[in-house]
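Chain letters run A, B, ... following the sequence lines, proteins first, then strands; residues in each count from 1. Just so it is clear, the structure is predicted and the values come from calculations on it, not from any experiment.
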Amino acid sequence: MQKLPREFYDRDTVTVAQELLGKYLVRKVGNLNRIGRIIEVEAYLGPHDLAAHSAKGRTKRTEVMFGPPGHAYVYLIYGMYHCMNVVTEQEGHASAVLLRALEPIENITSRTQGPGLLCQAMQIDRQLNGWDLLSEGFYVAAEELSSRGLTAGPSVFPQKILDPAVKPRDDNCAPRDDIVIIKRPRIGVDYAGAWAKKLLRFYLKDNAFVSRR
DNA sequence: CTCGGGATGCGT
DNA sequence: CGCATCCCGAGG
């Protein structure tokens, strides 16, 4: 299970968001690793982005967004659900990628199609706000390596991002062939004016676990 | 301190 | 479409 390096997160947020698709979120609960393949995300582009929490400035709540990349920003929404982001770009940029849906891979027993359900299924709450995703027990991995030693699923087949703007890289974070990414406006941010219309929601085409709405 | 509303999900 | 449920951030 190849953990994503700090440099992966320390890049342009849209690039990170798109390259997170197909990667694996790993969360150890008890002695079991819960693993889900990330198939839907949204990019939040910093204080300038009126849909981003960091647009309110540096507050107690948004503190983590203003911190270094590769950390989890987890917050409570509507008094009953949690949402999980990964912080991107250099410290101070206050950008992040919201994880919206997973495809269950291992040890997941409840629904994962939506940011609140995803956190429920992975047992993610505000205790994990600020968590460094380069430590053990909670991180994102580049490839599935089943703890039972099973062969890789379809997600490990050669894949490609069909966006000429996204260039392949030489390291293990390289985008893979055949991934087709759908781009849509972000959900639930109608208050953000022109920013609500930008195509910053990304998901894998035809994946059955994309959140509805 | 109060108050309005929220990066949601579920039932009607 | 209503609503649960509570924290956040703004304003007095």
*Asks:* Give a yes or no on whether a salt bridge exists between Lys28(A) and Glu136(A), defined as a side-chain N under 4.0 angstrom from a carboxylate O.
*Replies:* no
*Asks:* Which atom names give the shortest non-hydrogen contact between Val97(A) and Val16(A), and what distance separates them?
*Replies:* CG2-CG1, 4.4 Å
*Asks:* For a quick check under 3.5 Å, do Ser211(A) and Glu40(A) share a side-chain donor-acceptor pair by atom type?
*Replies:* yes
*Asks:* Check whether any side-chain heavy atom of His71(A) lies under 4.5 Å from a side-chain heavy atom of Tyr9(A), and answer yes or no.
*Replies:* no
*Asks:* When clusters are formed by joining ILVMFWY residues with side-chain heavy atoms under 4.5 Å apart, either directly or through shared neighbours, do Val64(A) and Met84(A) land in the same one?
*Replies:* no
*Asks:* Give the intermediate values and the outcome of side-chain contact (heavy atoms from CB on, under 4.5 Å) for residues Thr112(A) and Glu103(A).
*Replies:* CA-CA 7 Å; Thr112(A) 52; Glu103(A) 178 181 328; over 6 Å; no
*Asks:* Which atoms form the tightest heavy-atom contact between Pro69(A) and Thr88(A), and what is the distance?
*Replies:*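 For Pro69(A) versus Thr88(A), the nearest heavy atoms are CB-C, 4.0 Å.
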*Asks:* Rounded to whole Å, please give me the gap between CG in Asn129(A) and P in dA7(B).
*Replies:* 15 Å
*Asks:* Is there a residue in residues 68-88 of chain A whose heavy atoms reach under 4.0 Å of DNA chain C, and which residues are they?
*Replies:* Leu76(A), Tyr78(A), Gly79(A), Met80(A)
*Asks:* With Tyr75(A), which residues qualify under ring-ring contact (aromatic ring centres under 6.0 Å, His included), at least two apart?
*Replies:*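 Scan of Tyr75(A) (ring-ring contact (aromatic ring centres under 6.0 Å, His included), adjacent residues dropped) gives His53(A), Tyr73(A).
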*Asks:* Could you tell me the boundaries of the chain A footprint on DNA chain C, defined by atoms under 4.0 Å from its heavy atoms?
*Replies:*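 Result: dA4(C) to dG9(C).
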*Asks:* Between Glu89(A) and Arg11(A), does any NZ, NE, NH1 or NH2 come within less than 4.0 Å of an OD or OE carboxylate oxygen?
*Replies:*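 No.
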*Asks:* OP1 or OP2 of dT8(B) sitting under 4.0 Å from any side-chain N/O of Arg100(A)?
*Replies:* yes
*Asks:* Which helical stems does DNA chain B take part in, if a stem means at least 3 consecutive Watson-Crick or G-U pairs with both distances below 3.5 Å?
*Replies:* B:1-6 with C:6-11, B:8-11 with C:1-4
*Asks:* Examine distances only and state if a side-chain atom of Arg34(A) and a backbone atom of Ala121(A) form a donor-acceptor pair shorter than 3.5 Å.
*Replies:* yes
*Asks:* Enumerate the residues from residues 48-58 of chain A whose closest heavy atom to DNA chain B is under 4.0 Å, giving them by residue number; use none for an empty result.
*Replies:* Ala51(A), His53(A)
*Asks:* Considering only heavy atoms, which members of residues 185-212 of chain A lie under 4.0 Å from some atom of DNA chain C?
*Replies:* none
*Asks:* How far apart are the closest heavy atoms of Arg186(A) and Ala51(A), and which atoms are they?
*Replies:* NH2-CB, 3.5 Å
*Asks:* Could you pull out the closest heavy-atom pair between Leu204(A) and Ile38(A), with the gap in Å?
*Replies:*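 So the minimum-distance heavy-atom pair works out to CD1-O, 4.4 Å.
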*Asks:* Just by distance, do the side chain of Thr59(A) and the backbone of Thr62(A) share a donor-acceptor pair under 3.5 Å?
*Replies:*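 Side chain of Thr59(A) to backbone of Thr62(A), a donor-acceptor pair under 3.5 Å: yes, one is there.
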*Asks:* For a side chain to side chain contact (heavy atoms under 4.5 Å, CB included) with Arg27(A), tell me which candidate from Leu128(A), Ile108(A), Asn33(A), Ile35(A) qualifies.
*Replies:*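 The residue from Leu128(A), Ile108(A), Asn33(A), Ile35(A) that satisfies side chain to side chain contact (heavy atoms under 4.5 Å, CB included) with Arg27(A) turns out to be Leu128(A).
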*Asks:* Do Arg201(A) and Val210(A) have side chains that approach each other closer than 4.5 Å (heavy atoms only, starting at C-beta)?
*Replies:* yes
*Asks:* Could you tell me how far apart Leu45(A) (CG) and dA7(B) (C1') are, to the nearest whole angstrom?
*Replies:*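 Going from Leu45(A) (CG) to dA7(B) (C1'), I get 13 Å.
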